[in-house]
Amino acid sequence: MTAHFRSPRPARRRAARPAPRRRPPGKRWGLRIGAAASVLVLAASGIGHAMVTGVESGLGRVDAFKGMSNRPGGGDGLNFLVVGTDGRDKLTAAEKQKYHLGGAPCHCTDTLMLVHLSADRDRASVISLPRDSYAEVPAHTDAVTGAPRPVHAIKLNAAYAEGGPNLTVRTVEHMTGVHIDHYLEVDFTSFMRSVDAVGGVEICTVRPLRDSYTGLALPVGKSQLNGGQALQYVRSRHIDGSADLGRMQRQQRFLAALIHKITSSGVLMNPIRFRDVADTMLRSVRADSGFGANDLVDLGQAMRGFSPSSSEFTSVPLASTAQTVPGVGSTVRWDPVQAPKLFQAIREDKPIAAHRGGKAPRGRVVDVPPGQVQVQVDNGSGRAGAGTSVAGELHATGFATTDGPSASSLGTVPRTVVAYDPRWDRSARSLAVALPGAELHPVTGQGPVMQVTVGRDHRAVQRVRAEEPPQKPGGIAAITGDQAVCP
């Protein structure tokens, strides 16, 4: 059975602060998966009500909350369910071929995100909901056949095909115990057009990204993505063994980069360009009927001064093993302990990530998490205690240092050397980032332990971090937006 996480709070939504600022902010976050950019633009533009009304009229409407009852109680802040569908009928044949968008759409949700805007409007929490999550949908009328269907097991992304936005909202509320205030839906077309409208988005990666299914091919370092390339980036699931989980992480990084691009670009302060961009972004978006022009105007006042560090991203913690369900297929189960804690934090309007202080050092991102890299340090610098010092600094930045430092068998060396087995070359390159100027020496058969010989040239260990933080016992793995964007 799917766990029911019910809020202990009364069903009545209570105002956390003056009403004018309450609903707007949330919206901006909801639109973020593609058309979200439009709301972000609206938020910071400060334009008049008349122009906002004109832009808002371009939104498609859907009654996502019709007939809903027995809903979770409300807490502080606002909650948005943002879904990305695989609609592609408005793309050209050339675009479909270029960006590998052939085949028939499944009419299901390709992406699901729960977005929480804090009551003080200073924080937005984005939670990715795995599309293959095991779910039990409430009794409903099938959207295709019109026949009544009882409660039954399903993959979360299939709820949309069976009952549209309404069943999707009901299912997510049932699974999370979080009251959804607004529903926002973006398809492939609006996503691509939105990215192109803001002039593309910059993405960084620490390893080459290739996926023959989507056609994605990105080199190491920074890449400027247009709309089609951005769609390839957020859709790719066959880059490595992380599959859909890795894809969700890339989606979160893309959204952080999109927010950064919008809030730091001149489009927000240029009413003419703003109008053109917003019109493009909203052309294919659907939202619930309660999402209106007044909300967008209020949002503009509430979101001034927003930056990537105001956002935080995570995915629902999962149980260690997948489960095959007859008639449904392979599903992922939510962690029965950590998932309820995450949604409780959302209901209680608490942050889910550790926010760095303004002057806190930011480590360089490496491919392999430091905790997975074993390191033995020897001192070849000719300076007493240098090996111990370097070992301590490497341990402090997360590397798994082994034993105690010893004198180098190579004697005194001019440059720091990292000896490694070629089978662990990714680990060696990640370690080398922490030791600027170090030479990499492959040694066949050495095994998984990296052998570092500190040279006379060594000055300091560079702080590093993994792209995604490891989930800690009793905690939630989350990053802030400023950790996700390019340095």
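The structure presented is a predicted model; accordingly, all values stated were derived computationally and were not measured.
Salt-bridge formation is detected for the pair Asp132/Arg237: a Lys NZ or Arg NE/NH1/NH2 atom is positioned less than 4.0 Å from an Asp or Glu carboxylate oxygen. With respect to the salt-bridge test (charged N to carboxylate O, under 4.0 angstrom), the residues Lys350 and Glu312 do not qualify.
Looking only at side-chain heavy atoms (C-beta outward), Leu431 and Val452 come within less than 4.5 Å of each other. In this structure, the side chains of Leu114 and Phe343 come closer than 4.5 Å at one or more pairs of heavy atoms. By the 4.5 Å heavy-atom criterion applied to side chains, Gln483 and Arg465 are counted as neighbours. Two residues are said to be in side-chain contact when any heavy atoms from C-beta on lie closer than 4.5 Å; Tyr420 and Val443 fail this criterion. Val137 is listed as a side-chain neighbour of Leu167, based on a closest heavy-atom distance under 4.5 Å. Between Val206 and Val366, every side-chain heavy-atom pair lies at or beyond the 4.5 Å cut-off. Between Met68 and Asn166 there is a side-chain heavy-atom pair separated by less than 4.5 Å. Two residues are said to be in side-chain contact when any heavy atoms from C-beta on lie closer than 4.5 Å; Thr176 and Trp334 meet this criterion.
For the pair Ser236 and Arg250, the tightest heavy-atom approach, listed with the atom from each and the gap, is O-NH2, 2.9 Å. Heavy-atom minimum distance, Glu173 versus Pro72: OE1-CD, 3.4 Å. The two residues Asp349 and Arg123 have their closest heavy-atom pair at O-NH2, 2.8 Å. Closest of all the heavy-atom pairs between Ala466 and Val365 is C-CG1, 4.4 Å. Listed here is the closest heavy atom pair of Val328 and Ile154: CG1-C, 4.0 Å. Closest approach of Gln252 to Ser315, counting heavy atoms only: NE2-OG, 3.3 Å.
Phe254 and Phe191 have their aromatic ring centers within a separation under 6.0 angstrom.
In Lys66, the NZ atom is not crowded: 12 or fewer heavy atoms of neighbouring residues, nucleotides or ligands sit closer than 6.0 Å.
Within the 3.5 Å criterion, the main-chain N or O of Tyr183 finds a donor-acceptor partner in the side chain of Asp288. Judged by distance alone, with hydrogens and angles left aside, the side-chain atoms of Ser223 form no donor-acceptor pair with the main-chain N or O of Leu225 at under 3.5 Å. When atom types are taken as modelled, the side chain of Arg347 and the backbone of Leu342 share no donor-acceptor pair closer than 3.5 angstrom. Judged purely by atom type and a 3.5 angstrom limit, Arg253 has no side-chain atom pairing as donor or acceptor with the backbone of Cys486. Between the side chain of Gln338 and the backbone N or O of Pro317 there is no donor-acceptor pair closer than 3.5 Å. Asp181 places a side-chain N or O within donor-acceptor distance of the main-chain N or O of Asn79, the cut-off being under 3.5 Å. Looking at Asp196, its side chain does come within 3.5 Å of a backbone N or O of Gly227 through a donor-acceptor pair. A distance-only check finds a donor-acceptor pair linking the side chain of Thr214 to the backbone of Leu216 [under 3.5 Å]. The main-chain N or O of Pro448 is never found under 3.5 Å from a side-chain atom of Gln374 such that the two would form a donor-acceptor pair. The backbone N or O of Val449 lies less than 3.5 Å from a partner atom in the side chain of Gln446, making a donor-acceptor pair.
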For a side-chain contact (heavy atoms from CB on, under 4.5 Å) check, start with the C-alpha distance between Thr331 and Thr324, then their side-chain angles and the critical distance, and finish with the verdict.
CA-CA 6 Å; Thr331 65; Thr324 299; over 6 Å; no
Test salt bridge (charged side-chain N to carboxylate O under 4.0 Å, His left out) on Glu136 and Arg333 and set out the steps.
CA-CA 12 Å; Glu136 291 181 355; Arg333 293 271 189 166; over 6 Å; no
side-chain contact (heavy atoms from CB on, under 4.5 Å) between Leu156 and Met175: does it pass, once the steps are laid out?
CA-CA 10 Å; Leu156 180 56; Met175 297 175 71; 3.9 Å; yes
Verdict with reasoning, Glu393 to His395, per side chain to side chain donor-acceptor pair (under 3.5 Å)
CA-CA 5 Å; Glu393 292 179 57; His395 182 77; over 6 Å; no
Using the side-chain contact (heavy atoms from CB on, under 4.5 Å) rule, take Ile346 and Ser125 through it: C-alpha gap first, then chi angles, then the decisive distance, then the call.
CA-CA 8 Å; Ile346 294 301; Ser125 306; 4.0 Å; yes
For a side chain to side chain donor-acceptor pair (under 3.5 Å) check, start with the C-alpha distance between Glu185 and Tyr160, then their side-chain angles and the critical distance, and finish with the verdict.
CA-CA 11 Å; Glu185 180 182 308; Tyr160 186 92; 2.9 Å; yes
Check the pair Asp421 / Thr444 against side-chain contact (heavy atoms from CB on, under 4.5 Å), numbers first and verdict last.
CA-CA 5 Å; Asp421 191 312; Thr444 301; 5.5 Å; no
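Every residue was checked against the side chain to side chain donor-acceptor pair (under 3.5 Å) condition with Ser430, not counting sequence neighbours, and none meets it.
Counted by atom type alone, Gln251 and Thr111 present one or more donor-acceptor pairs between their side chains at under 3.5 Å. The closest side-chain donor-acceptor pair between His140 and Glu162 falls under 3.5 angstrom.
Taking CZ of Arg71 as the reference point, atom CD1 of Ile180 lies at 8.0 Å (rounded to 0.5 Å). Atom CG in Leu81 sits 11.0 Å away from atom CD1 in Ile127 (nearest 0.5 Å). Leu394 CG to Leu435 CG: the interatomic distance, rounded to the nearest 0.5 Å, is 5.5 Å. Here the OG-CG distance, from Ser194 to Leu231, works out to 11.5 Å after rounding to the nearest 0.5 Å. Note that CD of Gln462 and CZ of Arg364 are 6.0 Å apart. Values are rounded to the nearest 0.5 Å. For the atom pair Thr480 OG1 and Phe313 CZ, the distance stands at 9.0 Å (nearest 0.5 Å).
Using the six-membered ring where Trp is involved, His182 and Phe80 have ring planes that are parallel, under 30° apart on the 30 and 60° scheme.
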